[in-house]
Amino acid sequence: MHHLIEQLQACQDPDVGLLTELLAARGDDCELLRAAAHECMRQYVGEAVYFRGLVEVTNICSQNCYYCGIRKDATVVRYRLSEDEILLAARECMRLGFGSMVLQSGEISSDAYVDFICRVVARIKSETRSDVLTDGLGITLSIGVLSRAQYQRLFDAGAHRYLLRIETSNEKLFRTLHPEEQSLAGRYEAIHDLQSVGFQTGTGVMIGVPGQSMHMMAADILTFRRLDIDMVGMGPYLPSQNTPMAGVPILSADERYQLGLNMIALTRLVCQDINIASTTALEGLHPSGRLEGLRYGANVAMPNLSPVEYRPNYRLYDDKPTTQSAQDAVAAIEQIGRKVALNTLGDPRHYYARRQRHT
Ligand code: SAH
């Protein structure tokens, strides 16, 4: 394993075979991978953990992704937060010292919804200005595939980061996870649009979905690099009873958990100066999953700031953790020896390097 890690560190252009072998690390070998990723993180982005307060704006969705518990056809009580409810969460985010927030929702591509988000973004920017954040909170959006013109409007309103997962870089696998009207090419195009509009752009995949091989996951990591992505958020697949994929056989929880951690470590080693989030889905498989993600090279945590009464309805998968308070999240991170960087935006370094390369 040691030898393989050195090989990865030495090469400019790692191949998919090498990454596939490294992904298979189990037992003591995982610690070697973890330590290498941690060192790489320390070197390229430092040890600070940046917080984004996550607000789940609505679970209304026009799409029917086969894995997702809030898909259009799922039976779930639908809600949409009001402007004031979101602003309340933004002020809480500020009070806690988290420099940024993420607004996530189901996919609604109407101009009316985009207008609503634009209004909310503009209000957050103007109402959360302070001595430490003169421009207000940083805002990441995660609201799906939209047109370039809509992305432009959201950017102009003041959002500056966007997360859009490709879910998998494998065309065939993508097809088994989504209905006809969605395509991997469409996601790539959206990512390109986001980058050209000027967003700090993130993507990610699900790990351990039925039909996904380690070779495909290794290819996902190379795809993050090829796309010149600034941020990655990814996590293990967790089944949802509310979906057509419920009951399809999957890898064991332990397997998906370790693969999730190894994917973070290898993404850090390959993409180096990007921001990587340690996601809720890891916690779905292990009580300290999100902390482990940070130990494996992630540097972003996204505590949930959605109003508590709505959280059970934003149920992407079964057993989604909904309870940890933001204060507890900070304390837990400090306990593993990492500092939480408060009152700062925490922009990914890769974004500045990318911009410099393109000017
Ligand atoms: N609708 C938005 C964001 C909401 S879903 C969008 O499409 O971008 C956010 C992410 O949750 C998805 O990209 C998917 O990767 C993840 N997700 C959905 N269902 C999941 C499941 N069953 N297990 C693990 N992750 C899931």
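Order of appearance sets the numbers: ligands from 1, and atoms from 1 within every ligand. Throughout, residue positions are numbered sequentially from 1 according to the sequence presented. Bear in mind that the values here come from a model prediction, so they are computed numbers and not experimental data.
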Check each N or O atom of ligand 1 against all protein N or O atoms and list the pairs under 3.5 Å, with atom names and distances to 0.1 Å, one per line.
unit_1, atom_1, unit_2, atom_2, d
ligand 1, 1 (N), Ser105, O, 2.9
ligand 1, 13 (O), Glu167, OE2, 2.6
ligand 1, 15 (O), Arg165, NH1, 2.7
ligand 1, 15 (O), Glu167, OE1, 2.6
ligand 1, 15 (O), Glu167, OE2, 3.4
ligand 1, 22 (N), Tyr67, O, 3.0
ligand 1, 22 (N), Leu238, O, 2.7
ligand 1, 23 (N), Leu238, N, 3.0
ligand 1, 23 (N), Leu238, O, 3.3

So, is the end of the Arg80 side chain (NZ or CZ) under 6.0 Å from the ring centre of Phe116 and within 45° of the ring's axis? yes
Does the distance from a Lys or Arg side-chain N to an Asp or Glu carboxylate O, for Lys339 and Glu334, drop under 4.0 Å? no
Of all residues at least two apart in sequence or in a different chain, which pass the side-chain contact (heavy atoms from CB on, under 4.5 Å) check with His2? Glu6, Leu32
Gln182 (side chain) donor-acceptor with His178 (main chain) under 3.5 angstrom: no
Check whether any side-chain N or O of Gln212 sits under 3.5 Å from a backbone N or O of Met217 as a donor-acceptor pair, and report yes or no. no
In terms of relative ring orientation, are Tyr257 and His286 parallel, tilted or perpendicular, with 30° and 60° separating the classes? parallel
